*Asks:* 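This structure is in structure tokens; I'll ask about it shortly.
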There are 2 protein chains.
Amino acid sequence: MNTKQTDDTTQASADFAGVPKLDDQICFALYSASGLMTRLYRPLLEPLGLTYPQYLAMMALWERAPRTVGGLGEVLGLDSATLTPLLKRLEAGGFITRRRDAADERRVLLELTAKGQSLRGPAKDVAVQILCQFPRLSAVELDGLHRILAKLIAGLRETDAKAPAAD
Amino acid sequence: MNTKQTDDTTQASADFAGVPKLDDQICFALYSASGLMTRLYRPLLEPLGLTYPQYLAMMALWERAPRTVGGLGEVLGLDSATLTPLLKRLEAGGFITRRRDAADERRVLLELTAKGQSLRGPAKDVAVQILCQFPRLSAVELDGLHRILAKLIAGLRETDAKAPAAD
DNA sequence: TCCATTTAAATCGTGCACGATTGTTTAGTA
DNA sequence: TACTAAACAATCGTGCACGATTTAAATGGA
């Protein structure tokens with residue numbers, strides 16, 4: 001309760017009052033960067049008929065198929081409540097098929113259609129376009145960013161896995 | 001069509017075929033990290049009656065008020081279509097007030113209520129809690145992450161500003 | 001064999017995000 | 001002054017995200 005003994009006398013930086021804002025900045029930076037990235041992809045993915053999350057799902061399937069809804073969710077960090085409607089839209093768009101696994105009727109198997117397969121090429125071009133439009137960060141910076149993000153995500157996943165299943 | 005002259009000889013890593021996936025990984029990493037951060041905040045913000053985007057809006061108002069909807073949107077990188085309903089919820093929750101600017105009836109001024117002000121303390125504790133649960137990244141890594149993200153965001157904002165207003 | 005438990009996906013309700021449009025108000029200009 | 005253009009917020013429709021719940025199938029004992 002007495003965590004705020006930095007009673008407003010912290011006028012050192014003039015615009016934040018004793019609050020450890022640095023971490024918030026990082027969280028907000030992640031939030032902002034994520035949103036801006038999605039915005040960067042939007043116009044490139046629109047001609048393909050995909051949103052960014054749909055593009056992620058397709059990438060996962062291009063890497064490996066068939067997959068179950070749960071398996072895909074684990075890779076993307078999303079649950080069935082998010083994925084089921086998204087996958088139905090991909091199915092409606094003719095990119096994938098969804099069918100119950102005969103061996104285990106609880107599972108739903110996701111498969112690429114020919115149309116879904118054919119999007120691999122254009123998707124490569126999208127990646128190239130993104131690279132072109134990418135802000136001028138050096139290879140070292142990009143690498144460092146990627147490395148630290150991986151570490152951060154690993155840590156966050158760990159924390160996340162502990163919280164829900166308290167018991 | 002012939003943009004893929006990296007003709008599949010990239011079997012170095014065995015599981016990606018000529019696609020420049022590195023950048024995608026970074027985009028996906030940003031997407032994942034952002035989502036995981038939000039999840040980390042959720043249980044801490046819930047007792048306060050705030051979501052993470054609402055918390056961001058409140059932070060902006062704690063730093064400076066009154067603000068217009070547009071002004072807040074510029075800071076957060078969101079438009080009125082997102083903010084208006086969010087702000088109405090904050091108003092319904094008794095955290096802020098919204099009123100037309102008498103000097104310019106187009107603007108809507110956002111002000112903190114006493115209740116909104118009183119949340120500053122608990123919000124500090126949230127920031128502390130986040131820091132505690134934060135994955136074990138060294139201060140150097142956190143700093144590097146923050147610095148590169150800032151650079152990335154600046155670049156993305158620049159690109160973003162150019163795209164919509166073509167012509 | 002039967003039944004409780006677990007697992008998998010779907011569903012529901014709420015909230016965020018954004019492109020496009022609409023309705024006002026203000027500013028600019030002939 | 002009148003009339004167009006710009007600025008600002010709100011609204012609408014679509015899609016993502018998630019907690020909580022529901023339904024159905026598989027599993028593991030007693």
Side-chain angles (χ1 to χ4, degrees), chain A residues 28 31-32 34-43 45-46 49-57 66-74 76-93 98-110 160 163-167, chain B residues 28 31-32 34-43 45-46 49-57 66-74 76-93 98-110 160 163-167:
Chain A
F28 177 48
Y31 167 85
S32 297
S34 177
L36 286 165
M37 285 297 339
T38 304
R39 246 173 274 178
L40 193 61
Y41 270 99
R42 194 185 312 276
L45 291 177
E46 195 179 40
L50 294 176
T51 64
Y52 184 64
Q54 287 168 7
Y55 173 68
L56 292 178
R67 279 179 191 272
T68 63
V69 173
L72 182 63
E74 199 161 340
L76 300 182
L78 301 171
D79 66 354
S80 69
T82 299
L83 283 177
T84 297
L86 183 151
L87 294 169
K88 281 185 178 175
R89 282 186 285 270
L90 283 179
E91 187 183 37
R98 295 158 63 242
R99 65 171 212 281
R100 288 281 166 183
D101 185 347
D104 185 343
E105 290 281 346
R106 290 173 303 181
R107 297 165 181 268
V108 165
L109 292 179
L110 309 170
D160 189 48
D167 178 84
Chain B
F28 177 49
Y31 168 86
S32 297
S34 177
L36 286 164
M37 285 296 338
T38 304
R39 247 173 271 177
L40 192 62
Y41 270 99
R42 195 185 310 276
L45 289 177
E46 196 179 39
L50 294 176
T51 64
Y52 184 63
Q54 287 168 7
Y55 173 68
L56 291 178
R67 279 180 191 272
T68 65
V69 173
L72 183 62
E74 198 161 340
L76 300 182
L78 301 170
D79 67 352
S80 69
T82 300
L83 282 177
T84 298
L86 183 152
L87 293 168
K88 281 184 177 175
R89 282 186 285 270
L90 283 178
E91 187 182 36
R98 296 158 63 241
R99 65 171 212 283
R100 289 279 165 184
D101 185 347
D104 184 343
E105 290 281 346
R106 291 174 302 182
R107 298 164 181 268
V108 165
L109 292 178
L110 309 170
D160 188 49
D167 186 275

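In what follows, every chain begins at residue 1, and chains take the letters A, B, ... in the order their sequences are listed. Nothing here was measured: the structure is a model prediction, and the numbers come from that model.
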*Asks:* Tell me whether the rings of B:Tyr41 and B:Tyr52 are parallel (<30°), tilted (30 to 60°) or perpendicular (>60°).
*Replies:*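 The arrangement is tilted - the two ring planes meet at 30° to 60°.
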
*Asks:* For residues B:Ala57 and B:Leu90, report the shortest heavy-atom separation together with the two atoms involved.
*Replies:*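 So the minimum-distance heavy-atom pair works out to CB-CD1, 4.1 Å.
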
*Asks:* So what does A:Thr82 touch, heavy atoms closer than 4.0 Å: a base, only the sugar-phosphate, or nothing?
*Replies:*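 Result for A:Thr82 = base.
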
*Asks:* Can you tell me the distance, in whole Å, between the CD atom of B:Gln54 and the P atom of C:dG15?
*Replies:*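 Roughly 8 Å, once rounded to whole Å.
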
*Asks:* Judged by each residue's nearest nucleotide on DNA chain D, which is more toward the 5′ side, A:Gly77 or A:Ala102?
*Replies:*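 Going by which nucleotide is closer to the 5' end, it is A:Gly77.
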
*Asks:* Please give, in whole Å, the distance from D:dA17 P to A:Leu56 CG?
*Replies:*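 After rounding, the gap between these two atoms is 8 Å.
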
*Asks:* By nearest nucleotide on DNA chain C, pick out whichever of B:Pro53 and A:Lys88 is the more 5' one.
*Replies:*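 Here A:Lys88 is the residue nearer the 5' end.
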
*Asks:* Given D:dA17, is OP1 or OP2 found less than 4.0 Å from the side-chain N or O atoms of B:Tyr31?
*Replies:*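 For B:Tyr31, the contact criterion (side-chain N or O under 4.0 Å from OP1 or OP2 of D:dA17) is met.
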
*Asks:* Given D:dA17, D:dA9, D:dA25, identify the nucleotide with an atom nearest to the side chain of A:Leu78.
*Replies:*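 From the listed options, D:dA17 comes nearest.
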
*Asks:* Could you check if a side-chain atom of A:Arg106 sits within less than 4.5 angstrom of a side-chain atom of A:Thr68, using non-hydrogen atoms only?
*Replies:*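 A side-chain contact under 4.5 Å is absent here.
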
*Asks:* Below the 4.0 Å mark, does C:dA9 have OP1 or OP2 next to a side-chain nitrogen or oxygen of A:Arg100?
*Replies:*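 No.
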
*Asks:* Is there side-chain contact between B:Leu72 and B:Leu110, with at least one heavy-atom pair below 4.5 Å?
*Replies:*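 A side-chain contact exists here, since the closest heavy-atom pair is under 4.5 Å.
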
*Asks:* Please state how far atom CG in B:Asp101 lies from atom P in C:dT24, giving the value in whole angstrom units.
*Replies:*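 Atom CG in B:Asp101 sits about 19 Å away from atom P in C:dT24.
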
*Asks:* When rounded to the nearest 0.5 angstrom, what is the spacing between OH in A:Tyr31 and OG1 in B:Thr38?
*Replies:*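 The OH atom of A:Tyr31 sits 8.0 Å away from the OG1 atom of B:Thr38.
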
*Asks:* Is any side-chain nitrogen or oxygen of A:Arg107 closer than 4.0 Å to OP1 or OP2 of C:dT7?
*Replies:*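 A:Arg107 to C:dT7 OP1/OP2: no side-chain N or O under 4.0 Å.
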
*Asks:* Without decimals, in angstroms, what is the distance between A:Leu86 CG and C:dA17 C1'?
*Replies:*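 So the CG-C1' distance, A:Leu86 to C:dA17, works out to 15 Å.
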
*Asks:* Can you find an N or O donor on one side and an acceptor on the other, under 3.5 Å apart, linking the side chain of A:Arg106 with the base of C:dT7?
*Replies:*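 Counting by modelled atom types and ignoring angles, a donor-acceptor contact under 3.5 Å is found here.
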
*Asks:* Categorize A:Leu83 for me: base, sugar-phosphate, or nothing, with a 4.0 angstrom heavy-atom threshold over every strand shown.
*Replies:*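 If one applies the 4.0 Å heavy-atom cut-off, A:Leu83 turns out to touch nothing in the nucleic acid.
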
*Asks:* Can you work out whether A:Asp79 or A:Asp104 has the more 5'-proximal nearest nucleotide on DNA chain D?
*Replies:*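 Its nearest nucleotide being more 5', the pick is A:Asp79.
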
*Asks:* Yes or no on side chain to side chain contact (heavy atoms under 4.5 Å, CB included) for A:Thr82 and A:Leu76, after CA distance, side-chain angles and deciding distance?
*Replies:* CA-CA 11 Å; A:Thr82 299; A:Leu76 300 182; over 6 Å; no

*Asks:* Answer with base, sugar-phosphate or nothing: what part of the nucleic acid does B:Thr38 contact at a heavy-atom distance below 4.0 Å?
*Replies:*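 No contact at all - B:Thr38 keeps every heavy atom at 4.0 Å or more from the nucleic acid.
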
*Asks:* May I have the distance from A:Glu74 (atom CD) to C:dA8 (atom P), rounded to whole angstrom?
*Replies:*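 Checked: the CD to P distance equals 9 Å.
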
*Asks:* Measure the distance from CZ on A:Arg98 to C1' on C:dT11 and round it to the nearest whole Å.
*Replies:*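 In whole Å, C:dT11 C1' and A:Arg98 CZ are 13 Å from each other.
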
*Asks:* To the side chain of B:Glu105, which of D:dA17, D:dA25, C:dT25 is closest?
*Replies:*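 Nearest listed nucleotide: C:dT25.
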
*Asks:* Please evaluate the base of C:dA8 for a donor-acceptor partner in the side chain of A:Ser80 within a cut-off of under 3.5 Å?
*Replies:*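 Flag unset: no donor-acceptor pair detected.
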
*Asks:* Specify the separation, in whole Å, of atom CD of B:Glu46 and atom C1' of C:dT14.
*Replies:*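 Answer to the nearest Å: 12 Å.
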
*Asks:* Return whichever of A:Leu109 or A:Leu36 has its heavy-atom-nearest nucleotide of DNA chain C closer to the 5' end.
*Replies:*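 In this pair, the answer is A:Leu109.
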
*Asks:* OP1 or OP2 of C:dC18 less than 4.0 angstrom from a side-chain nitrogen or oxygen of A:Arg39, does that happen here?
*Replies:*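 Looking at the OP1 and OP2 atoms of C:dC18, one of them is under 4.0 Å from a side-chain N or O of A:Arg39.
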
*Asks:* Taking the minimum atom-to-atom distance to the side chain of B:Ala81, which one of C:dG19, D:dC18, D:dA9 wins?
*Replies:*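 Of the options given, the side chain of B:Ala81 lies nearest C:dG19.
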
*Asks:* What's the closest nucleotide to the B:Thr51 side chain, out of C:dA9, C:dG15, D:dA10?
*Replies:*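 Nearest to the side chain of B:Thr51 among the choices is C:dG15.
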
*Asks:* Taking atom C1' of D:dA9 as reference, at what distance in whole Å does atom CG of B:Leu110 sit?
*Replies:*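 Roughly 11 Å, once rounded to whole Å.
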
